[in-house]
Amino acid sequence: MSRRNRKYAVPGADQGMQRFKAEVMRREGYDVDPNRPDDVKFEVARELGVPLRPGQNGNLTTESVGQVGGKIGGTMVREMIRLAQQQLSERGPQ
């Protein structure tokens with residue numbers, strides 16, 4: 001579920017992205033430990049009825065894992081789009 005070799009397009013963005021994930025998911029009503037924001041996946045999985053556990057989850061289907069990751073990633077992408085639109089509207093016409 002969690003990719004250990006995650007690489008961001010901008011070097012050094014990992015900590016900022018983890019803070020962003022924690023902030024976005026907290027606003028969605030999840031209890032997020034700021035020191036372990038990836039753990040929010042267990043709360044999301046529980047809500048969706050996906051039996052995700054720490055450690056091996058090889059028995060889970062791609063669909064069920066995708067539901068968990070999609071909920072988190074989709075929420076983050078929607079917020080990034082909202083922020084980009086806000087910045088563009090504040091900039092005004094060029």
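When reading the values below, keep in mind they use all heavy atoms of this one structure, side chains included, and skip hydrogens, waters and symmetry mates. The shown structure was predicted, so the numbers you read here are calculated from the model rather than taken from an experiment.
Between the side chains of Glu63 and Gln67, no donor-acceptor pair of N or O atoms lies under 3.5 Å. Under 3.5 Å, the side chains of Gln15 and Arg19 contain no donor-acceptor pair of N or O atoms.
In this structure the side chain of Asp14 never reaches within 4.5 angstrom of the side chain of Lys7, judged on heavy atoms. Residues Phe20 and Glu79 meet the side-chain proximity criterion, which asks for heavy atoms closer than 4.5 Å. You'll find the side chain of Met25 stays beyond 4.5 Å of the side chain of Glu43, heavy atoms only. Taking the side chain as every heavy atom from C-beta outward, Tyr30 and Lys71 approach each other to under 4.5 Å. For the pair Met17/Met76, a side-chain contact is recorded, criterion being any heavy-atom separation below 4.5 Å from C-beta on. Between Val32 and Val40 the shortest side-chain heavy-atom distance falls below 4.5 Å.
With respect to the salt-bridge test (charged N to carboxylate O, under 4.0 angstrom), the residues Arg36 and Asp33 do not qualify.
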Notebook entry, point to check: Step by step, would you call Val65 with Asn57 a side chain to side chain contact (heavy atoms under 4.5 Å, CB included)?
Noted result: CA-CA 9 Å; Val65 172; Asn57 287 288; 5.9 Å; no
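For the atom pair CG (Asp39) and CG (Asp31), the distance works out to 10.5 Å, reported to the nearest 0.5 Å.
A single hydrophobic cluster is seen to contain both Tyr8 and Ile72, as judged by linkage of ILVMFWY side chains at heavy-atom distances under 4.5 Å, directly or through other members. At a threshold of 4.5 Å between side-chain heavy atoms, the hydrophobic network of Ile, Leu, Val, Met, Phe, Trp and Tyr places Val24 and Val77 in two separate groups.
Considering all non-hydrogen atoms of both residues, Ser64 and Leu60 come closest at OG-CB, 3.8 Å.
Panel note: side chain Gln18, backbone Pro37; no donor-acceptor pair is recorded below 3.5 Å.
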